[in-house]
Amino acid sequence: MAAALHLQTHPCFHGTCQLSPPPRPSVSFPSSFRSFPSNRRSLSAHVKAAASSSSTTTLQEGIAEFYDESSGIWEDIWGDHMHHGYYDPGSDVSGSDHRAAQIRMIEESLRFAGISEDPANRPKIIVDVGCGIGGSSRYLARKYGAKCQGITLSPIQAGRANALANAQGLADQVCFKVADALNQPFPDDQFDLVWSMESGEHMPDKPKFVKELVRVAAPGGTIIVVTWCHRDLGPSEESLQPWEQKLLNRICDAYYLPEWCSTSDYVKLFESLSLQDIKAGDWTENVAPFWPAVIRSALTWKGFTSLLRSGLKTIKGALVMPLMIEGFQKGVIKFAIIACRKPAE
Ligand code: SAH
């Protein structure tokens, strides 16, 4: 409770959430981010090595620049949710249904995790880890009447997220700032709901990422991670096939991603920290219509001209979109949800 009070008096909730992020040097993205072999036994050694090296800083600068550059065009065409939609498998989706599918993704995630709708038990304080321009935060804040803090590496995203919150009369409830998910600017045991929607794939140190999610969760709080994973390895496999790794490497280069892990790697990490009610789901089939729709939107006149104006990083990202479809279809990429609960004290 003391921790919750601390949060309520955080300057973030008094309209002064204007962070001035440190200046970032312009850097290119080294291929070393994705050069770790995919080996489930030594996953944590790889990611720890990555985190302790300067390549993590360079990766984070690349992520920030990528989202600084591309968030405006995404918002123009797709709105404020920068994540997949959730669809019924095999459904034929017409143009306007995609935004509804993105909201459904949020709702299905909450349902999967068993988040209570009961006013006495629903989340009151939420953190949105890797918040984009804050679509989830504003949605959750409205739905639950909760307070929500979002963190992102992109100063442009944080600024836009705060501007949208102000414009929508939510400035007292939601607040966004530039901060690192691997070193979150929050005390322990804060949040009833720890929400990470499609940000985990950017984290070079998965054990540290999971540890931070668990640290900031309140006792009894729920953690929801919706993320891109590679397929689980078979019992006799040490790593992905070379062609699979090659496909992922090309995606990593374009989207500023480090080494991937599998859904079962996440489950093991949560188990190692004694989390309860750990559940994992494979929603790959439920997101199948998404990338074809994004590609169609990029091929419209508006999409195409915005892309040309946006910058090289965004164009490079657009060019690898078909590889996401290929990765899902060939079973290399899994769209995963992992939910669990921190033991109550
Ligand atoms: N969850 C949002 C945005 C997803 S895009 C949505 O669903 O709309 C991925 C987000 O993860 C971006 O906002 C990016 O800045 C953030 N991110 C990636 N690595 C991060 C890190 N280490 N710390 C904080 N945010 C990070």
Side-chain angles (χ1 to χ4, degrees), residues 19 21 24 29 33 47 50-51 55-75 77-86 98-99 101-110 126-141 148-162 164-165 174 176-186 193-213 216 224-228 252 254-260 287 290 294 313-314 317 324 335 337:
L19 285 199
R24 288 178 290 105
F29 179 53
F33 290 141
V47 290
S55 66
T56 294
T57 315
T58 319
L59 170 63
Q60 295 195 343
E61 287 164 353
I63 292 170
E65 288 169 359
F66 175 68
Y67 286 108
D68 278 356
E69 185 186 294
S70 61
S71 294
I73 167 175
W74 183 271
E75 185 187 354
I77 295 171
W78 276 79
D80 60 351
H81 295 282
M82 305 182 72
H83 59 80
H84 285 71
Y86 184 103
H98 295 290
R99 290 193 189 201
Q102 288 177 310
I103 298 298
R104 187 167 170 205
M105 174 61 73
I106 297 178
E107 287 293 340
E108 295 287 343
S109 302
L110 297 169
I126 300 171
V127 64
D128 185 356
V129 180
C131 61
I133 59 169
S136 292
S137 294
R138 287 184 299 276
Y139 185 84
L140 295 169
C148 187
Q149 296 207 48
I151 56 173
T152 169
L153 291 177
S154 156
I156 298 272
Q157 287 189 329
R160 181 68 186 143
N162 281 321
L164 286 169
V174 297
F176 304 92
K177 57 189 166 190
V178 174
D180 183 4
L182 299 181
N183 192 10
Q184 295 185 29
F186 308 117
L193 175 59
V194 176
W195 176 265
S196 166
M197 175 59 73
E198 296 193 41
S199 64
E201 54 271 23
H202 284 297
M203 306 300 165
D205 188 336
K206 308 289 192 232
K208 186 151 189 227
F209 171 54
V210 166
K211 215 168 153 190
E212 275 295 89
L213 299 178
V216 300
I224 301 178
V225 177
V226 177
T227 189
W228 310 357
C252 289
Y255 292 145
Y256 296 87
L257 305 177
E259 174 73 353
W260 297 43
V287 299
F290 181 73
V294 178
K313 289 186 165 66
T314 314
M324 287 299 295
F335 192 88
I337 177 164

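Counting convention: from 1, in listed order, for ligands and their atoms alike.
- Looking at S196 against ligand 1, nothing comes within 4.0 Å, counting heavy atoms.
- Not a single heavy atom of G135 sits less than 4.0 Å from an atom of ligand 1.
- The minimum heavy-atom distance linking S109 with V226 is given by the pair OG-CG2, 3.6 Å.
- Ring geometry for H83 versus H81: interplanar angle over 60°, hence perpendicular rather than tilted (30 to 60°).
- For S136, no nitrogen or oxygen atom sits less than 3.5 Å from a nitrogen or oxygen atom of ligand 1, counting backbone and side chain alike.
- For the residues M197, M203, Q102, Q157, the heavy atom positioned nearest atom 12 (C) of ligand 1 is part of Q157.
- Put simply, the side chain of I133 reaches to within 4.5 Å of the side chain of E75, judged on heavy atoms.
- The aromatic ring centres of W195 and Y139 sit 6.0 Å or more apart.
- Between F290 and H84, the ring planes lie tilted relative to each other; the angle falls in the 30° to 60° range.
- Atom numbering of ligand 1 starts at 1 in the shown order; those under 4.0 Å from a heavy atom of D180 are 21 (C), 22 (N), 23 (N).
- S196 and S199 form a side-chain donor-acceptor contact under 3.5 Å, judged by distance and modelled atom types alone.
- Residue H202 has at least one heavy-atom neighbour below 4.0 Å for each of these atoms of ligand 1: 9 (C), 18 (C), 19 (N).
- If you check which protein heavy atom lies closest to atom 8 (O) of ligand 1, you get M82 N, 2.8 Å.
- Looking at atom 5 (S) of ligand 1, its nearest protein heavy atom turns out to be Y67 OH, 3.5 Å.
- Less than 4.0 angstrom separates some heavy atom of A181 from each of these atoms of ligand 1: 21 (C), 22 (N), 23 (N), 24 (C).
- Among protein heavy atoms, the minimum distance from atom 7 (O) of ligand 1 is reached at H83 CD2, 3.0 Å.
- Contact annotation for A179 and ligand 1: only backbone heavy atoms (N, CA, C, O) come within less than 4.0 Å of the ligand.
- Of the N and O atoms on the side chains of E212 and N183, not one donor lies less than 3.5 Å from an acceptor on the other residue.
- Annotation: atom 2 (C) of ligand 1 to nearest protein heavy atom, G130 O, 3.3 Å.
- Side-chain contact check for W260 and E201: no donor-acceptor pair (N or O, by modelled atom type) lies under 3.5 Å.
- The ligand atoms of ligand 1 that sit less than 4.0 angstrom from a heavy atom of Q60 are 22 (N).
- An N or O contact shorter than 3.5 Å is missing between E198 and ligand 1 by distance.
- Between the side chains of D128 and S136, no donor-acceptor pair is found at a separation under 3.5 Å.
- For atom 26 (C) of ligand 1, the closest non-hydrogen atom of the protein is L153 CG, 3.7 Å.
- Protein heavy atom closest to atom 15 (O) of ligand 1, with residue, atom name and distance, is T152 OG1, 2.8 Å.
- Aromatic ring orientation, Y67 versus H202: perpendicular (interplanar angle above 60°, classes split at 30° and 60°).
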